[in-house]
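Input: a single structure, listed below in structure tokens.
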Amino acid sequence: MKLSVVFKSLRSYPALRVVTGPLQSRAFQPDFIPRDPKSKPVRHKYPAFYDPYGPRPPPSDKIIRLAEQIAALSPEERNVIGPTLRDRLRHPKIQPVLVEGMDLGPQGGSGVGSSKAEEKKVEKTAFDVKLEKFDAAAKIKVIKEVRAFTNLGLKEAKDLVEKVPVLIKQGITKEEAYDIIEKIKAVGGVAVME
């Protein structure tokens, strides 16, 4: 009972409302008009589909004629349109997504296609270089060479070289691997590519 008296006094005295700041409940706002409980809900008209760019102008006569000409072509000629436009407009060719190593689940592909993928020999593109052994006299030179292409500090490179046989570089191209093997061979070490 006392709480309702306080609220009524707040509504009746506008200067106090300014001092206390706006109240959070909508019912306490001065512009609040309660909804008639007997009124029907407002029905809004929504478009059949959502278009974020708004209405578009109708296509020009030139575009309509072009669409009719394309529709009149044979299926073989229609298949040539895409590559011809791509070459003419100098768009880059979209590379197909390789799904050989992915598990596509039961619906992923037919049994015939997957057996062909297994028959193909997968060409290795990433190689690892493994340090097999080195001459004791050439240990310092091997450590310096390992530091050069691994970006390790002196202590880390020394610890790595002392753990022979050890992988010293992983996931590199064939050319880089051959370069590293030749450099290590030149300073007195033996490295192999895996």
Side-chain angles (χ1 to χ4, degrees), residues 24 46-56 59 63 66-67 70-71 73-194:
Q24 297 299 315
Y46 295 109
F49 63 93
Y50 174 70
D51 187 7
Y53 304 108
R56 294 182 184 154
I63 299 298
L66 186 62
I70 291 172
L73 294 174
S74 67
E76 294 83 19
E77 291 173 326
R78 273 186 250 152
N79 289 339
V80 178
I81 291 176
T84 307
L85 277 175
R86 185 185 65 238
D87 295 341
R88 176 76 182 202
L89 299 175
R90 296 190 180 113
H91 284 235
K93 185 175 181 180
I94 298 173
Q95 298 296 328
V97 177
L98 298 176
V99 293
E100 289 179 5
M102 292 186 220
D103 180 23
L104 299 176
Q107 309 108 343
S110 64
V112 176
S114 61
S115 65
K116 285 183 181 178
E118 290 172 4
E119 290 175 8
K120 283 185 180 179
K121 185 178 179 183
V122 179
E123 187 175 328
K124 191 173 180 182
T125 56
F127 297 92
D128 302 335
V129 177
K130 184 176 185 181
L131 181 64
E132 290 287 329
K133 59 184 178 180
F134 58 89
D135 296 334
K139 181 177 179 181
I140 295 173
K141 293 178 183 176
V142 172
I143 291 172
K144 286 182 180 178
E145 199 59 47
V146 168
R147 279 189 67 200
F149 56 80
T150 58
N151 297 328
L152 293 175
L154 183 61
K155 184 176 183 329
E156 292 88 3
K158 179 180 176 281
D159 293 342
L160 186 69
V161 169
E162 288 175 349
K163 293 179 186 174
V164 171
V166 65
L167 287 174
I168 52 176
K169 194 79 170 172
Q170 295 178 336
I172 57 174
T173 63
K174 199 173 198 175
E175 293 80 21
E176 290 174 346
Y178 279 131
D179 290 343
I180 292 170
I181 290 171
E182 289 300 319
K183 289 177 183 177
I184 290 177
K185 192 176 191 181
V187 294
V190 178
V192 294
M193 183 171 51
E194 293 183 342

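We're numbering straight along the sequence, starting at 1.
Taking Lys130 as the reference, Glu194 meet the salt bridge (charged side-chain N to carboxylate O under 4.0 Å, His left out) condition, with sequence neighbours excluded. Remark: Thr84 pairs with Val80 by the side-chain contact (heavy atoms from CB on, under 4.5 Å) rule, at least two apart or across chains. A search for side-chain contact (heavy atoms from CB on, under 4.5 Å) contacts involving Ile181 returns Val129, Ala191, Met193, not counting sequence neighbours. Residues forming a side-chain hydrogen bond (donor to acceptor under 3.5 Å, both in side chains) with Lys185 (at least two apart in sequence, or on another chain): none. Glu182 meets the side-chain hydrogen bond (donor to acceptor under 3.5 Å, both in side chains) test with no other residue; sequence neighbours excluded.
With hydrogens and angles disregarded, no donor-acceptor distance shorter than 3.5 Å links the side chain of Asp135 to the backbone of Gly189.
Rounded to the nearest 0.5 angstrom, Glu132 CD and Ile168 CD1 are separated by 10.0 Å. Interatomic distance, CG of Asp128 versus CD1 of Ile172, reported as 7.5 Å (0.5 Å rounding). Summarising the geometry, atom CD1 belonging to Ile81 is positioned 4.5 Å from atom CD1 belonging to Ile70; distances are rounded to the nearest 0.5 Å.
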With a 3.5 Å cut-off and sequence neighbours excluded, list the donor-acceptor pairs that the side chains of residues 138-156 form with protein atoms.
residue, atom, partner, partner atom, Å
Lys139, NZ, Glu162, OE2, 2.8
Arg147, NE, Leu152, O, 3.4
Thr150, OG1, Val146, O, 2.5
Lys155, NZ, Asp159, OD2, 3.3
Glu156, OE1, Gly153, N, 3.2

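Listed here is the closest heavy atom pair of Thr173 and Phe127: C-CD1, 4.0 Å. Closest approach of Gly171 and Ala126 over heavy atoms only: CA-CB, 4.0 Å.
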